[in-house]
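Note sheet for the following structure.
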Amino acid sequence: MSLSADLAAQMANFPACKAIYCYLPDDGTDKRLLAELREKFGVTSAGSSACRGIGALAEVKTEQGKLPESELVKFLFITCTEDQAKDIFEFIFWFAEVDKPGRGVVWQQRITSCTPYELPTDVPDEETGA
């Protein structure tokens, strides 16, 4: 078996995946969204990070040659199978109200593959300890 055929055989064990990214305001939407994604879709491969940003369509007044003041935003990243991607993308769009001005942006792209995994069932919940 050639190297490329061997690699193709190994890749067949991993599902085709998509990465979904979004920028959201720093108002707690990211935490609520991650909790809902886990509950409704079983998403366990996701997270958020704080960063600074400037709204592309925001009216900004600043002196010529100077950058406008940035604000704190949240960057979310989710990986999921291609089968789930459309439903998860739509859920994020409507849950986070991305259709409204100043509420952020969401996009997705295909990634080569991802490794599916499940969280152990015998691990205590972080908040309740049960």
Side-chain angles (χ1 to χ4, degrees):
M1 188 180 285
S2 70
L3 180 60
S4 60
D6 187 42
L7 182 60
Q10 289 177 5
M11 292 295 287
N13 295 330
F14 297 97
C17 296
K18 291 227 175 167
I20 302 173
Y21 306 100
C22 55
Y23 286 105
L24 299 172
D26 182 30
D27 61 1
T29 302
D30 62 320
K31 291 179 183 176
R32 291 189 305 275
L33 179 57
L34 289 172
E36 288 292 320
L37 288 171
R38 184 170 180 186
E39 183 180 318
K40 291 188 186 313
F41 297 95
V43 171
T44 57
S45 181
S48 70
S49 179
C51 54
R52 302 217 42 98
I54 300 167
L57 300 177
E59 185 176 327
V60 177
K61 295 180 181 174
T62 185
E63 296 178 32
Q64 185 175 358
K66 295 201 175 200
L67 292 173
E69 189 67 33
S70 63
E71 59 186 70
L72 195 60
V73 296
K74 294 293 184 161
F75 176 68
L76 249 66
F77 46 93
I78 299 114
T79 57
C80 61
T81 64
E82 279 190 344
D83 297 341
Q84 293 179 299
K86 183 177 187 271
D87 292 336
I88 290 174
F89 184 91
E90 284 183 15
F91 180 80
I92 292 169
F93 183 85
W94 295 115
F95 183 90
E97 299 178 324
V98 176
D99 59 321
K100 296 184 175 137
R103 292 296 304 165
V105 63
V106 60
W107 73 98
Q108 66 180 328
Q109 69 182 45
R110 188 172 193 282
I111 54 179
T112 307
S113 66
C114 57
T115 305
Y117 68 93
E118 293 182 15
L119 295 175
T121 57
D122 59 344
V123 176
D125 185 82
E126 290 178 11
E127 291 181 10
T128 63

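When a residue number appears, it is its place in the shown sequence, counting from 1. Computed from a prediction, not measured in an experiment: that's the story for all the values here.
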Taking all non-hydrogen atoms of both residues, which atom of [X] and which atom of [Y] are closest, and how far apart?
| X | Y | result |
| --- | --- | --- |
| L72 | C51 | CD1-O, 3.4 Å |
| A85 | C80 | CA-SG, 3.7 Å |
| G53 | V73 | N-CG2, 4.1 Å |

Using residues 97-107 as the side-chain source, report each donor-acceptor pair under 3.5 Å to any protein atom, sequence neighbours left out, with the distance given to one decimal.
{"unit_1": "E97", "atom_1": "OE2", "unit_2": "K100", "atom_2": "NZ", "d": "3.1"}
{"unit_1": "R103", "atom_1": "NE", "unit_2": "A96", "atom_2": "O", "d": "3.2"}
{"unit_1": "R103", "atom_1": "NH1", "unit_2": "D27", "atom_2": "OD2", "d": "2.8"}
{"unit_1": "R103", "atom_1": "NH2", "unit_2": "T29", "atom_2": "OG1", "d": "3.1"}
{"unit_1": "R103", "atom_1": "NH2", "unit_2": "A96", "atom_2": "O", "d": "3.3"}

Co-membership, hydrophobic cluster, residues F75 and V43, 4.5 Å side-chain: no

Joint cluster assignment, F77 & L33, ILVMFWY side-chain distance < 4.5 Å: no

K40: side-chain contact (heavy atoms from CB on, under 4.5 Å) partners, not counting sequence neighbours: E36, F91

Within this structure, what is the [atom1]-[atom2] distance for the pair [X] and [Y], rounded to the nearest 0.5 Å?
| X | Y | atom1 | atom2 | result |
| --- | --- | --- | --- | --- |
| F93 | I20 | CZ | CD1 | 13.5 Å |
| L34 | L76 | CG | CG | 4.5 Å |
| S48 | D26 | OG | CG | 9.5 Å |
| K74 | S49 | NZ | OG | 7.5 Å |
| I88 | T79 | CD1 | OG1 | 9.0 Å |
| K18 | Q84 | NZ | CD | 12.5 Å |

Any side-chain heavy-atom pair of I92 and I78 under 4.5 Å: yes

By salt bridge (charged side-chain N to carboxylate O under 4.0 Å, His left out) - contacts of R52 (at least two apart): none

Backbone of F89 reached by a side-chain donor or acceptor of Q108 within 3.5 Å: no

